[in-house]
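Some notes on the structure that comes next.
In what follows, every chain begins at residue 1, and chains take the letters A, B, ... in the order their sequences are listed.
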There are 2 protein chains.
Amino acid sequence: MNIGEAAKASGVSAKMIRYYESVGLIDPATRSEAGYRVYSENDLHVLRFIKRARTMGFPMERITVLLGLWRDGDRNSAEVKKLALGHVVELERQIAEMQAVADTLRKLAATCHGDNRPHCPILDDLSAEHEAPARTPKRRRA
Amino acid sequence: MNIGEAAKASGVSAKMIRYYESVGLIDPATRSEAGYRVYSENDLHVLRFIKRARTMGFPMERITVLLGLWRDGDRNSAEVKKLALGHVVELERQIAEMQAVADTLRKLAATCHGDNRPHCPILDDLSAEHEAPARTPKRRRA
DNA sequence: ATAGGGCTTCCCATCATGGGAAGGTCAAGG
DNA sequence: CCTTGACCTTCCCATGATGGGAAGCCCTAT
């Protein structure tokens with residue numbers, strides 16, 4: 001099948017399929033006489049794999065490794081597990097960060113009247129000096 | 001003070017200060033005779049405001065609005081509150097999404113032996129067909 | 001044969017950020 | 001006074017993943 005059909009069937013846009021090929025995430029597709037990329041069922045499988053992993057938020061780099069493991073029949077499931085759990089840790093870190101921000105904002109918003117008066121603790125907080133960013137004590141590096 | 005000092009004092013890199021100026025987020029700095037950008041305490045305040053808001057994960061667009069409100073002595077605190085809570089909702093949505101992914105991965109990892117054998121339910125899941133991506137039923141749009 | 005749609009490559013834009021080059025400026029020290 | 005080195009300026013390029021669009025070739029149905 002051509003790239004358009006493969007795109008529809010895999011949920012990966014034609015643009016992205018070409019991009020994945022260009023950066024070496026997937027092997028160059030075989031070409032028809034006219035130079036059209038031709039995809040097999042197996043190629044589709046790979047595209048769906050990538051699609052799913054992207055949806056899961058795996059960065060391309062990790063997907064490259066996952067794909068390698070997937071293709072490697074002799075892989076060690078421990079490696080896959082480690083990769084997956086590593087991603088979980090990363091997600092948890094990000095979640096905690098966002099949670100903290102959301103909490104702060106919720107608290108600030110709770111103390112903001114939210115009426116037609118201008119005073120607003122939210123703006124007060126944003127404009128207040130928070131921990132000074134890496135204050136270099138005069139000497140530029142010391 | 002010059003841009004380097006302002007950068008150090010605000011935690012916003014000189015690069016980004018120039019960028020913010022170029023996209024109109026902050027007013028063009030006044031210039032010295034030699035063309036150097038010169039910053040006042042008030043400019044620093046603005047930069048710190050932006051820094052803090054970025055750290056909170058506010059997108060630039062929303063920061064533009066926040067800055068406007070901050071500068072507007074006649075603002076309506078309700079607007080600020082709405083903006084902040086809107087951001088909270090957005091954060092919550094993202095958190096929920098990531099949580100779902102993390103849960104899925106944790107479950108999959110729990111069923112993966114994680115030993116030197118190749119079988120791995122994580123890879124199985126990634127390569128399985130999940131909900132078909134917007135399957136267009138033959139007619140390209142109908 | 002012609003139209004239309006699909007395919008190709010190539011370039012550009014995004015968003016926020018950093019890297020780096022080429023060149024001007026300033027302050028300190030010999 | 002001149003050199004040195006740190007600073008500043010602008011301009012271009014790159015990122016990562018994605019989309020938009022142009023110019024031009026190809027295929028199929030009418």
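- B:Ala29 and B:Val38 make their closest contact through CB-O, 3.9 Å (heavy atoms, listed as atom of the first residue, atom of the second, distance).
- Two residues are said to be in side-chain contact when any heavy atoms from C-beta on lie closer than 4.5 Å; A:Met1 and A:Leu44 meet this criterion.
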**Request:** Any chance you could lay out the side-chain contact (heavy atoms from CB on, under 4.5 Å) test for A:His87 and A:Leu91, step after step, and finish with the verdict?
**Result:** CA-CA 6 Å; A:His87 187 51; A:Leu91 285 172; 3.9 Å; yes

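- At a non-hydrogen distance threshold of 4.0 Å, nothing from residues 91-102 of chain B comes into contact with DNA chain C.
- Using a 4.0 Å cut-off on heavy atoms, the residues of residues 56-63 of chain A that approach DNA chain D are A:Met60, listed by number.
- Applying the side-chain hydrogen bond (donor to acceptor under 3.5 Å, both in side chains) rule to pairs touching residues 103-114 of chain B yields A:Glu92-B:Arg106, B:Asp103-B:Arg106, sequence neighbours excluded.
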What does the list of N/O pairs under 3.5 Å between the protein and nucleotides 20-22 of chain C look like, with a distance for each?
from	atom 1	to	atom 2	distance (Å)
C:dG20	O6	B:Lys15	NZ	2.3

Check: residues 53-68 of chain B side-chain donor-acceptor pairs under 3.5 Å, at least two apart:
from	atom 1	to	atom 2	distance (Å)
B:Arg54	NH1	B:Phe58	O	2.8
B:Thr55	OG1	B:Lys51	O	2.8
B:Thr64	OG1	B:Met60	O	3.0

Would you mind writing out the side-chain donor-acceptor pairs for residues 116-123 of chain A within the sub-3.5 Å range, not counting sequence neighbours?
from	atom 1	to	atom 2	distance (Å)
A:Arg117	NE	A:Asp115	OD2	2.9
A:Arg117	NH2	A:Asp115	OD2	2.6

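- Put simply, B:Arg31 has a side-chain N or O that comes within less than 4.0 Å of OP1 or OP2 on D:dT10.
- The separation between B:Asn2 atom CG and C:dT25 atom C1' is 10 Å, rounded to whole Å.
- The two residues B:Leu85 and A:Ala109 make their nearest non-hydrogen contact at CD2-CB, 3.6 Å.
- Each of B:Tyr39 and A:Ser13 lies near DNA chain D, and the nucleotide nearest B:Tyr39 is the one positioned closer to the 5' end.
- Between the NZ atom of B:Lys8 and the P atom of D:dA6 there is a distance of 12 Å, rounded to whole Å.
- In summary, A:Arg93 and A:Glu90 engage in a salt bridge, as defined by a charged side-chain N under 4.0 Å from a carboxylate O.
- Annotation for A:Ala14 and A:Ile3: closest pair O-CD1, 3.7 Å, computed over non-hydrogen atoms.
- Put simply, CD1 on B:Ile3 is 12 Å from C1' on D:dT10, counting in whole angstrom units.
- Among all heavy-atom pairs drawn from B:Tyr20 and B:Val12, the shortest one is CE1-CG1, 3.7 Å.
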With the criterion being N/O to N/O and under 3.5 Å, what pairs connect the protein with nucleotides 24-30 of chain D, and how long is each?
none

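- Counting heavy atoms from C-beta on, the side chains of B:Val46 and B:Asp27 never come closer than 4.5 Å.
- Using five terminal pairs a side, the axes of the helix from C:dA1-D:dT30 to C:dG30-D:dC1 at its two ends make an angle of 30°, given in steps of 10 degrees.
- Not counting sequence neighbours, A:Glu5 has no partner by the side chain to side chain donor-acceptor pair (under 3.5 Å) test.
- Annotation: side-chain hydrogen bond (donor to acceptor under 3.5 Å, both in side chains) contacts involving residues 28-42 of chain A, sequence neighbours excluded, comprise A:Glu21-A:Arg37, A:Ser40-A:Asp43.
- For the pair A:Arg54 CZ and D:dT18 C1', the computed distance is 10 Å after rounding to whole Å.
- Within the 4.0 Å cut-off from OP1 or OP2 of D:dT9, at least one side-chain nitrogen or oxygen of B:Arg37 is found.
- Residues from residues 16-27 of chain A that place a heavy atom under 4.0 Å from any atom of DNA chain D, listed by number: A:Met16, A:Tyr19, A:Tyr20.
- Nearest heavy atoms, A:Ser13 versus A:Ala7: C-CB, 4.0 Å.
- Atom CG in B:Leu25 sits 4.0 Å away from atom CD1 in B:Ile50 (nearest 0.5 Å).
- What you find for A:Leu126 and B:Arg52 is that their closest heavy atoms are CD2-CG, 3.5 Å.
- To the nearest 0.5 angstrom, B:Met98 atom CE is 5.0 Å from A:Ile95 atom CD1.
- Scored by the salt bridge (Lys or Arg N to Asp or Glu O under 4.0 Å) test, B:Arg18 finds no partners at all (sequence neighbours excluded).
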